[in-house]
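Reckoned from all heavy atoms, side chains included, excluding hydrogens, waters and symmetry mates. In listed order, ligands and their atoms are each counted from 1.
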Amino acid sequence: MEPKTIKTTPFAGQRPGTSGLRKKVRVFAQPHYLENFVQSIFDTQDALAGGSLVVGGDGRYYNREAIQTILRMAAANGVARVLVGQGGILSTPAVSCLIRKYKTQGGIVLSASHNPGGPEEDFGIKFNVASGGPAPESVTEAMFARTQTIDTYRSLDCPDTDLDQLGTVQIGTMQVEVIDPVADYAALMESLFDFGAIEALFNSGLFKLRFDAMHAVTGPYAIEILENRLGASPGTVMNGVPLPDFGGHHPDPNLAHAQELVHLCHGTDGLDFGAASDGDGDRNMILGKEFFVTPSDSLAVLAANAHLTPGYKHGIRGIARSMPTSQAADRVAEAMGIESFETPTGWKFFGNLLDAGRITLCGEESFGTGSDHVREKDGLWAVLFWLNLLAVRKQSVAEIVTEHWRHFGRNFYTRHDYEAVNAEAAAGLVNHLNVLLPALPGKRLGAYTVAYADDFAYTDPIDGSVSKHQGIRIGFEGGARIVLRLSGTGTEGATLRVYVESYEPDPTKHHQDPQDALAPLIRIARDLAQIEERTGRAEPTVIT
Ligand code: G16
């Protein structure tokens with residue numbers, strides 16, 4: 001089996017976004033499209049030749065085909081060993097766990113995360129570096145540059161590898177190990193959380209829970225951990241079989257897309273705990289009985305209670321949140337006397353802080369929470385963290401969060417998304433805001449006075465790299481904020497995200513609905529950005 005060199009020409013638009021390259025399946029399925037991107041990984045990551053690589057995906061449509069292509073190309077590019085999840089399945093946090101545990105030179109994740117799957121839907125590919133984290137911008141930019149000049153790629157003529165059979169096979173000189181996708185990850189979870197306490201909670205017969213795997217990758221992980229190891233009753237995991245089209249749904253764990261679960265948490269007879277994870281298993285949503293925990297609050301609560309779990313009992317070093325995430329975690333960090341950081345959107349920006357030991361926990365408003373145990377956000381980890389807290393504190397989800405607010409004050413928070421808007425109109429809206437920014441500080445908008453207004457730029461405290469144009473921040477006196485930015489993960493037109501936050505120290509006002517509490521700020525954001533005028537949209541597509 002001799003490697004073949006195949007002629008190709010560059011494709012436009014292969015620059016990775018917030019989290020890898022995401023496009024429609026039909027774009028990826030064009031001859032040479034995936035191959036060009038994969039060869040650009042091998043051409044820029046020298047350590048892969050003679051090294052090892054983890055490969056797996058969320059099981060969406062085109063997952064298996066892409067893995068076969070990657071295996072042939074890895075063999076032709078001199079990779080010595082590939083670990084691939086059985087059935088082509090590996091969650092994003094499991095890939096990170098495997099890269100770190102087996103000290104591979106990197107990993108390739110096939111996923112478009114929470115975006116729908118199927119022949120007409122989305123696919124994605126992402127490279128993770130040897131630390132286990134998403135490739136930093138310097139690496140993704142080098143790959144992108146390579147995609148623009150590429151003229152050949154290498155592959156091997158060989159039959160498909162059987163991805164369903166555990167064990168080791170050889171492709172040319174490369175070893176392919178088809179591994180259990182769950183075992184190493186489950187062992188890591190067991191080392192961090194008090195499985196005995198969680199099991200006792202489940203056995204009490206007084207605790208009703210469901211986990212919605214949304215027919216995505218976390219099904220096998222949740223069944224093994226929650227049902228097999230922790231003894232939750234069979235059926236606790238709903239939608240537990242990964243399907244190529246996620247059963248026709250958006251595998252996006254939020255109030256809009258996990259409605260069945262939300263419904264199960266309603267009423268006095270509702271679940272005590274409901275949780276969901278996304279396509280590739282890195283996001284999480286936490287619900288209590290009639291109670292939704294915002295991801296921003298979740299980060300703050302986990303940080304304030306981390307000492308109650310075995311994995312974090314010696315305390316946490318620092319906390320980081322992405323810029324649009326509410327400032328609730330900053331208050332916890334301040335009270336604990338530890339550092340807090342505000343990074344741009346994108347998990348990759350936490351990597352240096354985690355590697356340098358400056359932070360232990362980090363999180364994002366986009367339903368992502370994680371820690372230094374891997375270098376990705378981790379959906380099931382967050383669920384187990386919450387279960388550990390519930391088992392130890394012997395309180396409900398609502399009691400834990402409202403008590404947190406009483407102590408730290410409440411950061412009311414909402415995100416309004418305007419999806420698939422005209423890209424030029426969205427760019428025009430951002431330009432318009434950029435022109436307004438310098439004149440805003442000191443100005444009164446409704447009942448609020450602008451304290452600062454800027455186009456967020458981040459200087460990485462570890463390597464000094466600068467990332468500009470990361471979203472527009474308008475901060476008001478008293479801690480309220482409006483943030484506007486364009487999503488880096490959409491595949492259709494542009495998605496405008498409007499994040500609105502206010503701070504309320506008075507516990508007698510904490511019961512309000514966030515949409516009501518934030519209504520004046522939402523109005524200010526719409527008017528200032530001329531959203532309806534510029535996008536033609538009177539209302540957002542999704543509110544979370
Ligand atoms: C990705 C990134 C996250 C980011 C999210 C939303 O998550 O890993 O860091 O917060 O996208 O990004 P945007 O607002 O640009 O759409 P995932 O779960 O999609 O990989």
Side-chain angles (χ1 to χ4, degrees), residues 15-23 57-58 60 91-93 95-96 109-117 122-128 132-137 140 214 216-218 246 250-254 257 276-285 294-296 298-299 320-326 342-351 353-354 362-370 374-382 415-421 426 430 456 458 467 469-472 483-499 540-542 544:
R15 172 177 264 131
T18 309
S19 185
L21 184 67
R22 289 187 192 167
K23 302 279 177 198
D58 63 9
R60 70 177 56 228
S91 77
T92 289
V95 169
S96 189
V109 185
L110 302 159
S111 172
S113 186
H114 53 290
N115 295 6
D122 294 354
F123 191 73
I125 177 167
K126 181 173 84 156
F127 181 70
N128 279 28
E137 267 181 359
T140 54
M214 307 190 90
V217 80
T218 43
F246 309 116
H250 281 245
D252 196 355
N254 61 29
H257 295 302
S277 191
D278 70 329
D280 61 330
D282 56 3
R283 297 185 174 207
N284 74 91
M285 177 171 69
T294 68
S296 299
S298 182
L299 173 64
R321 62 166 174 84
S322 68
M323 184 273 280
T325 304
S326 99
E342 182 176 48
T343 59
T345 293
W347 203 261
K348 59 192 172 211
F349 291 104
F350 295 134
L353 294 167
L354 290 164
C362 41
E364 298 187 276
E365 50 67 39
S366 55
F367 294 83
T369 333
V374 290
R375 292 294 181 273
E376 286 280 3
K377 55 187 188 262
D378 190 343
L380 260 172
W381 168 90
R415 184 177 103 182
H416 288 201
D417 292 338
Y418 298 78
E419 292 176 347
V421 300
V430 172
F456 180 57
Y458 176 66
S467 304
H469 310 301
Q470 297 298 321
I472 287 168
V483 171
L484 296 103
R485 58 179 282 280
L486 300 182
S487 159
T489 58
T491 55
E492 226 179 310
T495 294
L496 170 68
R497 303 205 196 282
V498 184
Y499 314 80
T541 328
V542 180
T544 46

For atom 15 (O) of ligand 1, what is the closest protein heavy atom, and at what distance to 0.1 Å? G488 N, 2.6 Å

Which of these, R283, E365, E376, has its nearest heavy atom closest to atom 6 (C) of ligand 1? R283

Polar side chain donor-acceptor pair, S113 to D278, under 3.5 angstrom: yes

Answer side chain, backbone, both or neither: which part of R415 comes under 4.0 Å from ligand 1, heavy atoms only. neither

If we only count N/O pairs under 3.5 Å, is E364 in contact with ligand 1? yes

Residue, atom name and distance, where the atom is the protein heavy atom closest to atom 20 (O) of ligand 1: R22 NH2, 2.8 Å

What residue and heavy atom of the protein are closest to atom 11 (O) of ligand 1, and at what distance? T489 CG2, 3.3 Å

Does the side chain of S487 pick up a donor-acceptor pair with the side chain of R497 at under 3.5 Å? yes

At less than 4.0 angstrom from any non-hydrogen atom of S366, what atoms of ligand 1 do you find? 4 (C), 5 (C), 10 (O)

K377 touching ligand 1 at heavy-atom level, < 4.0 angstrom: yes

Using heavy atoms and a 4.0 Å limit, tell me yes or no: is Q470 in contact with ligand 1? no

Partner of E376 under salt bridge (Lys or Arg N to Asp or Glu O under 4.0 Å), chosen from K126, R283, K348: K126

Measure the distances from the heavy atoms of G346 to every atom of ligand 1 and state whether one is below 4.0 angstrom. yes

State the atoms of ligand 1, each with its element, that fall below the 4.0 Å cut-off from a heavy-atom position in T345. 4 (C), 10 (O), 12 (O)

Does R485 have a heavy atom less than 4.0 Å from any atom of ligand 1? yes

What atoms in ligand 1 come closer than 4.0 Å to a heavy atom of H114? 19 (O)

Give the atoms of ligand 1, by number and element, whose distance to some non-hydrogen atom of S19 is under 4.0 Å. 1 (C), 2 (C), 8 (O), 20 (O)

Salt bridge or not for E364 and R321, using N-O below 4.0 Å? no

Heavy-atom closest pair, residues W347 and G370: CH2-N, 3.5 Å

Got D122 and R60 here, is their nearest side-chain heavy-atom distance under 4.5 Å? yes

For ligand 1, note which part of S487 has a heavy atom under 4.0 Å away: side chain, backbone, both or neither. both

Taking atom types as modelled, find out whether T369 and N284 have a side-chain donor-acceptor pair closer than 3.5 angstrom. yes

The closest protein heavy-atom partner of atom 17 (P) of ligand 1 is S113 OG, 3.2 Å

Would you mind listing which atoms of ligand 1 come within a distance below 4.0 Å of any non-hydrogen atom of R497? 13 (P), 14 (O), 16 (O)

Please check whether D280 reaches ligand 1 - meaning an N/O of the residue sits under 3.5 Å from an N/O of the ligand, judged on distance alone. no

